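Here the structure is laid out as structure tokens; the discussion comes afterwards.
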Amino acid sequence: MALRHYTLDFNLSAPDCPTTVHGLQSIFQEQEMTETVHDTEGHGYLATFIGKNGRLVILRVTALGLLTIDLQCCEGDNIVQVENLLNTLEEKLRSLLHGNIKRVKRLPALTRGAAVDRYWPTADGRLVEYDIDRVVYDEDSAYQNIKIMHSRQFGNILILNGDVNLAESDLPYTQAIMGRGKENYAGKEVLILGGGDGGILAEAVKLKPKMITMVEIDQMVIDGCRTHMRKACGSVLDNLKGECYQVLVEDCVPVLKKYVEEGKTFDYVINDLTAVPISTAPEEDSTWEFLQLILDLSIKVLRPTGKYFTQGNSANLTETLALYEEQLGRLSCPVDFSKEVVCVPSYMELWVFYTIWKK
């Protein structure tokens with residue numbers, strides 16, 4: 001059963017615990033809520049109020065002048081009654097604290113534990129609430145958890161291991177990782193690394209290339225997107241081979257190493273495998289090593305006039321992006337690069353994309 005969590009904050013010019021608490025007690029008594037006062041060892045006032053219907057109110061007044069009310073109620077509780085209680089508390093506090101209030105902030109309810117999760121973090125650590133109303137696909141493959149969830153605003157959204165990857169409305173992402181319409185793909189050889197949602201493949205096919213090779217390790221991503229992400233992939237995932245493309249369900253590293261040994265090259269390499277890690281913490285060392293390996297192998301299979309496209313990360317993560325750009329200077333082949341900042345609709349943040357070429 002889900003829980004709804006309401007928050008009401010008052011920033012005060014000066015703390016006023018006795019007056020505030022005494023003035024609110026009658027409201028809680030009318031709600032037949034049982035009060036428990038907790039010892040804060042001199043750090044303001046803290047009390048909990050528990051109602052017969054499962055409602056819980058946490059009232060806190062800090063010594064620094066912040067008054068917070070957290071109200072929790074179970075799914076199915078009378079929302080009108082809950083809103084009326086919050087309104088009554090806010091009106092009473094405005095009256096009691098008249099002249100002592102610097103700011104009032106009331107937040108919409110946070111729904112916790114619901115069957116459909118609507119909250120996903122951005123890359124720079126902000127919590128975003130999506131208008132997700134249902135889960136259309138949820139499976140664990142040998143490599144990751146795969147969710148496809150429906151948003152009224154963005155269409156179906158592919159989420160891999162808790163990271164928002166692509167929504168059906170995210171054509172700006174696909175266009176950015178392909179060069180934003182500045183490249184001529186006609187008659188060219190293209191290699192896509194990852195891209196199991198089919199978005200890049202679907203757009204690239206329209207540009208009449210000679211051949212596209214897409215290497216995606218997870219068949220279940222392809223299967224899920226073929227059915228539930230058709231506004232992004234169209235019909236290209238219906239078959240693993242088409243007139244000008246082939247999809248290899250394999251690990252891209254051995255494939256790239258084989259291409260290097262054979263001397264096979266491409267006009268464009270598009271890396272849609274993973275975003276740049278946000279730090280150099282030990283748990284992310286392997287991801288940095290993987291990116292370095294992919295970069296090095298990709299440059300080796302790139303023709304002298306070819307280009308390598310990849311996503312970076314959130315534009316706000318400047319230190320992370322600087323670390324990635326340092327990696328570009330350590331490749332076996334010298335390269336130059338440019339970058340572009342694009343607003344990806346479902347990410348709800350600006351995202352950086354890189355174009356890399358041999359010097």
Side-chain angles (χ1 to χ4, degrees), residues 116-132 134-178 192-204 214-234 236-237 247 249 251-252 270-278 284 287 290-291 294 309-317 320 324 342-354:
V116 178
D117 189 359
R118 297 162 58 99
Y119 305 97
W120 301 92
T122 59
D124 59 359
R126 292 172 291 113
L127 184 63
V128 173
E129 180 176 5
Y130 287 83
D131 58 347
I132 292 171
R134 66 182 184 275
V135 179
V136 297
Y137 185 86
D138 188 357
E139 298 289 344
D140 290 313
S141 73
Y143 306 100
Q144 57 203 330
N145 174 257
I146 307 162
K147 284 186 176 68
I148 300 176
M149 311 182 82
H150 179 261
S151 158
R152 293 190 296 274
Q153 181 175 196
F154 302 119
N156 285 346
I157 304 175
L158 174 65
I159 300 171
L160 300 178
N161 282 345
D163 290 330
V164 173
N165 271 239
L166 189 81
E168 290 180 308
S169 60
D170 286 344
L171 184 59
Y173 175 98
T174 304
Q175 292 173 332
I177 207 169
M178 293 178 63
I192 302 172
L193 306 176
D197 51 69
I200 297 171
L201 180 60
E203 292 302 310
M214 183 175 114
V215 188
E216 166 61 50
I217 197 172
D218 199 334
Q219 179 69 55
M220 290 182 68
V221 172
I222 295 173
D223 293 342
C225 293
R226 177 194 298 126
T227 303
H228 302 292
M229 296 284 291
R230 294 190 76 85
K231 289 182 181 177
C233 68
V236 293
L237 297 181
V247 177
V249 184
D251 182 341
C252 70
I270 303 172
N271 178 0
D272 194 35
L273 293 167
T274 183
V276 172
I278 63 171
E284 291 189 336
T287 307
F290 175 72
L291 282 179
I294 295 298
F309 298 112
T310 187
Q311 62 169 313
N313 211 307
S314 167
N316 285 343
L317 298 176
T320 292
Y324 179 71
V342 174
C343 181
V344 180
S346 76
Y347 288 16
M348 300 194 198
E349 59 185 323
L350 297 177
W351 208 253
V352 176
F353 294 84
Y354 286 91

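Please read these numbers as outputs of a predicted model, since none were measured by experiment. The analysis underlying the following values was restricted to heavy atoms, covering all of them including side chains, and did not include hydrogens, waters or symmetry mates.
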Which heavy atom in [X] sits nearest to a heavy atom in [Y], and how many Å separate them?
| X | Y | answer |
| --- | --- | --- |
| Cys252 | Leu273 | SG-CD1, 3.8 Å |
| Gln311 | Thr274 | NE2-C, 3.7 Å |
| Val352 | Ala315 | CG2-CA, 3.7 Å |
| Asn271 | Thr310 | O-OG1, 3.4 Å |
| Leu317 | Ala123 | CD1-O, 3.7 Å |
| Leu237 | Cys225 | CD1-CB, 4.2 Å |

For the residue pair [X] and [Y], establish whether any side-chain heavy-atom pair is separated by less than 4.5 Å.
| X | Y | value |
| --- | --- | --- |
| Val221 | Gln144 | yes |
| Leu160 | Ile146 | yes |
| Pro172 | Cys343 | no |

Once rounded to the nearest 0.5 Å, what's the spacing between atom [atom1] of [X] and atom [atom2] of [Y]?
| X | Y | atom1 | atom2 | value |
| --- | --- | --- | --- | --- |
| Asn313 | Phe353 | CG | CZ | 10.5 Å |
| Lys147 | Asp117 | NZ | CG | 8.0 Å |
| Ile200 | Leu193 | CD1 | CG | 9.5 Å |
| Asn165 | Asp197 | CG | CG | 7.0 Å |
| Ser314 | Trp351 | OG | CH2 | 6.0 Å |

For this session: Verify side-chain hydrogen bond (donor to acceptor under 3.5 Å, both in side chains) between Asp218 and Ser141, making sure each step is shown before the conclusion.
Result: CA-CA 7 Å; Asp218 199 334; Ser141 73; 2.6 Å; yes

For this session: Determine yes or no for a side-chain-to-main-chain donor-acceptor pair under 3.5 angstrom, with Tyr130 supplying the side chain and Ser346 the backbone.
Result: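 Checking the backbone N and O of Ser346 against the side chain of Tyr130, a donor-acceptor pair under 3.5 Å is found.
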
Exercise. Got a donor-acceptor contact below 3.5 angstrom from the Asn161 side chain to the Asn145 backbone?
Worked result: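 It does hold such a pair.
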
Problem set entry | Qualifying residue, where the test is side chain to side chain contact (heavy atoms under 4.5 Å, CB included) with Val247 and the options are Val215, Ile192, Leu201 |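 Testing Val247 for a side chain to side chain contact (heavy atoms under 4.5 Å, CB included) against Val215, Ile192, Leu201 leaves exactly one candidate, Leu201.
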
For this session: Scan residues 139-168 for pairs that pass ring-ring contact (aromatic ring centres under 6.0 Å, His included), counting only residues two or more places apart or in two chains.
Result: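 Those involving residues 139-168 do not exist here.
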
Exercise. With Ala202, which residues qualify under side-chain contact (heavy atoms from CB on, under 4.5 Å), at least two apart?
Worked result: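 So Ala202 forms a side-chain contact (heavy atoms from CB on, under 4.5 Å) with Val236.
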
For this session: Keeping to residues at least two apart or across chains, list the salt bridge (charged side-chain N to carboxylate O under 4.0 Å, His left out) pairs with something in residues 122-132.
Result: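 Passing the test, one end in residues 122-132: Arg118-Glu129, Asp124-Arg126, Arg126-Glu349.
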
Exercise. Taking only residues at least two apart or on different chains, which pairs with a member in residues 162-175 satisfy salt bridge (charged side-chain N to carboxylate O under 4.0 Å, His left out)?
Worked result: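 Listed by first then second residue: nothing to list.
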
Residues that [X] engages under side-chain hydrogen bond (donor to acceptor under 3.5 Å, both in side chains), provided they are two or more places apart:
| X | answer |
| --- | --- |
| Asp272 | Tyr173 |
| Asn156 | none |
| Tyr324 | none |
| Trp120 | none |

For this session: List for me each residue that meets salt bridge (Lys or Arg N to Asp or Glu O under 4.0 Å) alongside Asp251, sequence neighbours excluded, and say none if there are none.
Result: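 Salt bridge (Lys or Arg N to Asp or Glu O under 4.0 Å) list for Asp251, sorted by chain: empty.
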
For this session: Name all pairs fulfilling the side chain to side chain donor-acceptor pair (under 3.5 Å) condition that reach into residues 220-230, sequence neighbours left out, sorted by first residue then second.
Result: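 Residue pairs with at least one partner in residues 220-230: Gln219-Asp223, Asp223-Arg226, Arg230-Asp238.
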
